[in-house]
Amino acid sequence: MRLTPWLLGLLACATTGFAAQPCRIEIVEKGDGWPVSGVELRTVHGARFVSDNAGLIAFDLPELMGRETWFSVHGHGYGVKADGFGYSGVRLTPKPGQTLKVTVERTILARRLGRLTGAGLFAESQKLGEQLDWKESGVLGSDSVVTANLGGKMLWFWGDTNLAHYPLGIFNVSAASTDKFVPPAKPPLRPPYAYVSERKTAQSELRPRGVAKVPGDGPTWIWGAITLPDAKGAPHLVAAAVKTKGAMQAYRWDLVEWDPHEELFHPLDTVWTEDAANPKAPPMPEGHAVPWTDPVGRKWILFCDPFPILRTPATYEGWKNPDNWKPMRAATSAATPTGEAITVHKGHIAWHPWNRKWLAIFTQKAGKPSFLGEIWLAEATDPSGPWGNARKVLSHDDYTFYNPVLHPEFFQADSPVIHFEGTYTTTFSGNKQPTPRWEYNQVLYQLDLSKPPFADGK
C-alpha cells in the first residue's frame, strides 16, 4: 500500500508528538512584585536565558523539562543570596505550560524599567503568546543617545548602530521620533519609536538609515542637540558633529542643522579640522545641551559632559557664531556625604523642579566593581557646582554603562521620580560574555528622590 504525503505527516505527528509549550518564568522584585528585565538565568551546562521587558523567560529546553534544575542568577543589582558554597541561584522544576516565579532582591538604588533599544524587547513574551502586537525595528544595537524636541515630537539620535543584515550597520547617526512618550510607572516598557528609515528596493523591508552624512572618512557622531529660536522666533534643531578616526580620535568638528523634511542633518560650518597648526580641538558645543538662565536673567545653553565646559547664547544666531562661545572650567569630581571625591567620566546635568536642585548623573572613572559601570547621582545649587551628596545609584558586575543621560523631559514639579539611561556594553570591561540581545543597547532606569538616602536632601 502506498502512503500519501498527508498520511505520512499525520503518522509522524502521532509518533513524535507536538513540540511542548515553554515553561513561563516570571522574574519579580521582592516586596511589590515589580517585573525585572535583564536578569539572566544560567543552567549548569551553560544555557542562558534573559528576562525581557515584561520580566519573562520562556524556558524551552526539552532535556530539563520535568527535572529539578539549578539556575544561577545574574542581574546587575538584582539577585538572590548565595548558599553555603557561594552559589547564587534557585532550583526550579520547569514543566510545559507551567508558570514559575523567581523573586530577586534589589541591591541598587535605581530600578530597571527595561531596554529602550535593540531587538527582542519582548522576545520571551512572544514565545509565550504575549505582547504579540510588538513590532521589531531591525535595530540590534544603539550607542549613546542625545535628544531634542521639535514640532511637538521628541527626537532621539544615536551613535553607531547595529542592524540585522550585516555586521557593519549605521555609522552616521540613526534617529527616531516619539509623540507624547512618557515612561510607564511600572514595567513593561514599550518605547514607541518611529525610526527614520528607507527601502533599498520596492520589495525590501523598511530599514533604519543614517541621518548625518557629513563629508570625510570614519564615523560621524552628533552631540549637543538643541532646538533654538532665530531672531524671528523660528525654531532650528542644531547640533555639533564630530568625525573620528582610529581609536576614536576626532579630526573634524562641524555645526549641523536638522532638516525635518529630508530628515537629515546638513553641515552649516566646519569649525575645526586637525592640522599641524591646530592639533587639538578648542572647546566645542558638545556633550549635552542644557538651558540655563544666569543670575541677571540672560539665557544660555550650557554644553556639559557631565559638567559645563562651554556656554553659548540661547539663540540660533548666538550658537552659530563661535565668537559668542564662552569656555567654562568644568569640575572633575563630586563629593560623597563623607567628603570622598568621586572622579567623573561622562554624564549629564539637569535642573529638577521637585527638589529645586541641579542633578548630575555620571559614570565613575575607574570604579569598582566595574571600571566604567558604576553610576552616581550628585546635587548642586548651581550648574557649575560644587557637586555634593553623591550617591552610587547603579552598579554592574564586570560590565560597562557609559554616557548616562538624564531625561528632564519627564521631570515633574510634583514628582520626585527621575529617569536616566545609558549604554550597556562589554566595551572597556574585559567581559567575554555579552548579554544576549542586551549588549550595546540603551537601558532605562527610574529613581525616586523621596526615598532614602535622598529623602533628607529635599
Side-chain angles (χ1 to χ4, degrees), residues 144 146-151 155 157 173 211-212 214-216 220-244 250-260 264-275 277-332 344 346-351 358 360 380-385 387 403 405-406 408-409:
S144 303
V146 293
T147 64
N149 291 285
L150 181 67
L155 297 175
F157 303 106
V173 184
V211 299
V214 178
T220 303
W221 299 333
I222 292 295
W223 292 107
I226 184 74
T227 297
L228 297 172
D230 64 18
K232 296 181 179 179
H236 299 258
L237 198 171
V238 295
V242 60
K243 299 291 297 187
T244 64
Y251 71 88
R252 169 176 166 164
W253 279 95
D254 285 75
L255 301 182
V256 296
E257 181 170 349
W258 179 252
D259 184 326
L264 284 172
F265 277 109
H266 292 296
L268 294 174
D269 183 29
T270 301
V271 292
W272 173 79
T273 302
E274 181 185 37
D275 56 27
N278 300 282
K280 185 177 179 180
M284 291 286 164
E286 58 178 309
H288 298 280
V290 178
W292 174 62
T293 302
D294 69 19
V296 297
R298 292 174 298 188
K299 295 183 182 298
W300 302 88
I301 302 298
L302 307 178
F303 293 90
C304 315
D305 196 16
F307 305 130
I309 55 176
L310 182 81
R311 72 175 188 261
T312 74
T315 64
Y316 177 62
E317 293 83 2
W319 167 88
K320 194 166 59 170
N321 185 353
D323 291 341
N324 295 320
W325 299 356
K326 308 292 184 183
M328 302 176 70
R329 186 174 181 177
T332 58
V344 304
K346 300 283 187 179
H348 182 211
I349 69 170
W351 172 259
W358 288 90
T381 56
D382 186 272
S384 295
W387 293 90
N403 291 341
V405 56
L406 291 161
E409 305 91 350

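- For the pair P408 and H348, the tightest heavy-atom approach, listed with the atom from each and the gap, is CD-CE1, 4.0 Å.
- Counting all heavy atoms, side chain and backbone alike, V290 lies closest to I349 at CG2-O, 3.4 Å.
- For the residue pair A225 and A289, the shortest heavy atom distance occurs at O-CB, 3.7 Å.
- Of the possible polar contacts, one joining the N321 side chain to the D323 backbone as a donor-acceptor pair under 3.5 Å is found.
- Considering only heavy atoms from C-beta on, D254 stays 4.5 Å or farther from P215 through its side chain.
- Of all heavy-atom pairs spanning A239 and I222, the tightest one is CB-CG2, 3.5 Å.
- Separation of atoms OG1 (T270) and CZ (R252) is listed at 3.5 Å; rounding is to 0.5 Å.
- I226 contributes atom CD1, which lies 8.5 Å from atom CG of N149 (distance to the nearest 0.5 angstrom).
- The shortest side-chain heavy-atom distance between E286 and I309 falls under the 4.5 Å cut-off.
- For the atom pair CG (N403) and CH2 (W223), the distance works out to 4.5 Å, reported to the nearest 0.5 Å.
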| message | Walk me through whether R311 and D294 qualify under side-chain contact (heavy atoms from CB on, under 4.5 Å). | response | CA-CA 11 Å; R311 72 175 188 261; D294 69 19; over 6 Å; no
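- For the pair D275 (side chain) and A277 (backbone), a donor-acceptor distance under 3.5 Å is present.
- Scanning for side chain to side chain contact (heavy atoms under 4.5 Å, CB included) contacts around D382 gives S384, with sequence neighbours left out.
- Taking the six-membered ring for Trp and thresholds of 30 and 60 degrees, W387 and F307 have nearly parallel ring planes, at less than 30 degrees apart.
- Side-chain N/O atoms of W272 and N278 include no donor and acceptor closer than 3.5 Å.
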| message | Evaluate K243 against W221 for side-chain contact (heavy atoms from CB on, under 4.5 Å), listing each step before the verdict. | response | CA-CA 7 Å; K243 299 291 297 187; W221 299 333; over 6 Å; no
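- Looking at residues two or more places apart in sequence or on another chain, you find no side-chain hydrogen bond (donor to acceptor under 3.5 Å, both in side chains) involving T227.
- Taking both residues in full, the closest heavy atoms of V173 and T220 are given as CG2-O, 3.5 Å, listed atom of the first, atom of the second, then distance.
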| task | Step by step, work out the side-chain contact (heavy atoms from CB on, under 4.5 Å) result for T147 and E409. | result | CA-CA 10 Å; T147 64; E409 305 91 350; 2.9 Å; yes
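- When all heavy atoms of W325 and P327 are compared, the pair lying nearest together is O-CD, 3.6 Å.
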| query | Should T312 and I301 be marked as a side-chain contact (heavy atoms from CB on, under 4.5 Å) after you check the CA-CA gap, both sets of side-chain angles, and the distance that decides it? | reply | CA-CA 5 Å; T312 74; I301 302 298; 4.0 Å; yes
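- Side chains of V271 and M284 form a contact here, defined as non-hydrogen atoms less than 4.5 Å apart.
- With hydrogens and angles ignored, the 3.5 Å screen pairs no side-chain donor or acceptor of D230 with any backbone N or O of T315.
- Of the possible donor and acceptor atoms, none in the side chain of E257 sits under 3.5 Å from a partner among the backbone N and O of L268.
- Here the side chains of V238 and L228 are in contact, with some heavy-atom distance below 4.5 Å.
- The ring-ring contact (aromatic ring centres under 6.0 Å, His included) with H236 is formed by just one residue from the set Y316, W319, W258; it is Y316.
- Note that the CG atom of D269 and the CH2 atom of W253 stand 14.0 Å from one another [nearest 0.5 Å].
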